[in-house]
Amino acid sequence: MSGVLALLDDVAAIAKLAAASVDDIAAHTAKAGSKAAGIVIDDAAVTPKYVTGFKPERELPMIWRIAKGSFINKLVFLLPVALLMSLFAPWLVPPLLIMGGCYLCFEGAEKILHVLQPHAHHEDSKEEQGSAAELEEEKVKGAIKTDFILSAEIMTIALSTIESDSIWMQAVVLAVVGIAITIAVYGVVAIIVKMDDLGLWMARVGKTSTVQSLGRAIVAVMPWFLKFLTIVGTAAMLWVGGSIIVHSLHQMGWHFPEETIHHWAHAVGHGDAAIEWITKAVIDGVLGVLVGLALVPVVTRGALLINGSK
């Protein structure tokens with residue numbers, strides 16, 4: 001009887017330990033997910049453009065192909081690299097975050113320039129030729145490449161927020177973050193892309209005038225909503241990019257930018273947490289724009305040199 005009781009005590013202790021581990025995983029996952037929120041918003045805002053212009057029956061298969069590529073990016077390629085970096089080169093995390101932040105700033109600034117210089121953007125779009133199948137393949141590959149860069153930033157940010165030194169804890173948290181974010185992003189993208197089809201269906205087969213009117217309203221609103229989503233995604237890119245650069249510089253020992261922004265935000269907010277957060281976000285976003293605008297000519301010239309050498 002005493003042996004049975006001792007066994008039950010051991011089982012209870014193991015159960016408590018497992019519950020604590022689950023709580024730790026959930027806490028680390030929530031923290032990592034919140035830190036990567038800006039990139040997640042941008043990912044959800046960017047992806048719909050890759051499936052616009054195709055037949056409705058091809059939209060969901062394309063999204064599924066991109067989602068599968070995203071799973072492979074995060075779990076097959078980036079997760080092992082992140083764990084190896086955590087084991088053997090943790091000092092690489094801040095420089096990689098800075099590189100990712102610079103990329104986000106560059107992408108955001110480039111989107112702004114495309115809006116300000118629409119003729120160059122239209123000329124680029126005219127170069128897209130070929131059959132529907134070839135164009136679909138090209139778009140899917142382009143989306144997966146973009147996802148790889150954003151996923152690398154997400155996984156690096158997630159790794160930097162995990163306070164545990166356990167390699168297994170890091171592996172589980174990174175895997176959960178990668179799976180959850182991929183499902184969330186591409187689930188939202190699928191809903192967004194098919195909303196206009198839902199609106200058309202409601203307008204055509206709705207049994208009441210209210211349902212039909214709602215369907216027509218959805219169809220009318222979706223183009224504006226996609227534009228709004230693009231604006232939000234661009235703003236998130238610049239804000240997150242600038243914030244990552246400032247915080248990573250702080251981790252590398254250069255405290256002046258982050259401390260200066262903190263003092264400015266405190267001077268504006270006077271202790272109000274919401275106002276201070278908004279002030280920091282605006283400053284980080286402005287910094288992101290400046291960094292991105294500085295990088296656009298550098299990256300463009302580098303791309304021209306590479307294409308010229310080929």
Side-chain angles (χ1 to χ4, degrees), residues 36 38-39 41-43 45-47 49-50 66 69-70 72-74 77-78 81-82 84-85 89 91-130 134-135 137-157 159-160 230-231 233-252 254 257 284-310:
I39 302 175
I41 293 171
D42 178 69
D43 206 354
V46 167
T47 305
K49 75 175 184 180
Y50 288 101
I66 298 169
S70 181
I72 294 173
N73 284 340
K74 292 183 178 71
F77 298 121
L78 296 171
V81 171
L84 289 173
M85 185 171 59
W91 52 269
L92 270 178
V93 173
L96 287 177
L97 285 173
I98 290 176
M99 291 175 60
C102 288
Y103 170 78
L104 293 175
C105 295
F106 164 76
E107 283 285 304
E110 193 177 41
K111 287 181 181 181
I112 294 175
L113 291 178
H114 278 171
V115 174
L116 299 177
Q117 300 173 350
H119 297 294
H121 180 62
H122 292 323
E123 288 175 2
D124 292 339
S125 63
K126 290 179 181 178
E127 295 177 359
E128 295 180 353
Q129 298 176 353
E134 291 173 346
L135 185 58
E137 189 68 22
E138 180 183 346
K139 288 288 187 179
V140 169
K141 288 182 179 178
I144 293 174
K145 288 179 182 177
T146 301
D147 175 88
F148 183 86
I149 297 173
L150 294 175
S151 294
E153 193 68 9
I154 288 170
M155 299 296 273
T156 307
I157 290 174
L159 180 63
S160 68
T230 300
I231 294 172
T234 302
M237 261 189 173
L238 296 167
W239 157 53
V240 173
S243 176
I244 287 172
I245 292 172
V246 170
H247 185 64
S248 299
L249 289 174
H250 178 77
Q251 290 182 320
M252 294 176 68
W254 191 26
D284 289 338
V286 172
L287 178 63
V289 172
L290 297 176
V291 172
L293 291 176
L295 288 173
V296 167
V298 176
V299 175
T300 303
R301 180 167 296 183
L304 291 175
L305 290 175
I306 292 173
N307 292 331
S309 63
K310 293 180 180 180

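A distance of 13.5 Å separates CG of Leu159 from CD1 of Ile154, quoted to the nearest 0.5 Å. A distance of 14.5 Å separates CG in Leu116 from NZ in Lys111, rounded to the nearest 0.5 Å.
The shortest heavy-atom contact between Lys74 and Met155 is O-CE, 3.6 Å. Nearest approach of Glu110 to Val296, heavy atoms of both residues: N-CG2, 4.2 Å. Annotation for Ile245 and Cys105: closest pair CD1-SG, 4.0 Å, computed over non-hydrogen atoms. Of all heavy-atom pairs between Ala109 and Val289, the closest is CB-O, 4.4 Å. Contact detail for Ser160 and Val93: the closest heavy-atom pair is CB-CG1, 3.9 Å. When all heavy atoms of Ala143 and Ile66 are compared, the closest pair comes out as CB-CD1, 3.5 Å.
Contact of the Leu97 side chain with the His247 side chain is not registered, since no non-hydrogen atoms from C-beta on lie closer than 4.5 Å. Looking only at side-chain heavy atoms (C-beta outward), Ile112 and Leu293 stay at 4.5 Å or farther from each other.
Partners of Asp147 according to the side chain to side chain donor-acceptor pair (under 3.5 Å) rule, which considers only residues two or more places apart in sequence or in another chain, are Ser70, Asn73, Ser151, Tyr186. Every side-chain contact (heavy atoms from CB on, under 4.5 Å) that Leu84 has, sequence neighbours left out, goes to Phe88. Here Ile98 pairs with Cys102, Ser248, Leu249, Met252 under the side-chain contact (heavy atoms from CB on, under 4.5 Å) rule; sequence neighbours left out. Residues passing the side-chain contact (heavy atoms from CB on, under 4.5 Å) test with Ile72 are Val76, Phe77, sequence neighbours excluded. Scanning for side chain to side chain donor-acceptor pair (under 3.5 Å) contacts around Gln251 gives an empty result, with sequence neighbours left out. Remark: Val286 engages Val282, Leu290 in a side-chain contact (heavy atoms from CB on, under 4.5 Å) (not counting sequence neighbours).
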task: Step by step, work out the side-chain contact (heavy atoms from CB on, under 4.5 Å) result for Met85 and Leu96.
output: CA-CA 11 Å; Met85 185 171 59; Leu96 287 177; 3.1 Å; yes
message: Go through it in stages, so that I can follow the logic: the residues are Leu150 and Leu104, the test is side-chain contact (heavy atoms from CB on, under 4.5 Å), and I'd like the CA-CA distance, side-chain angles, deciding distance and then a yes or no.
response: CA-CA 8 Å; Leu150 294 175; Leu104 293 175; 3.6 Å; yes
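Annotation: Met99, atom CE; neighbour count of heavy atoms from other residues, nucleotides and ligands within 6.0 Å does not exceed 12.
Between Phe106 and Tyr103, the two ring planes are tilted [angle within 30° to 60°].
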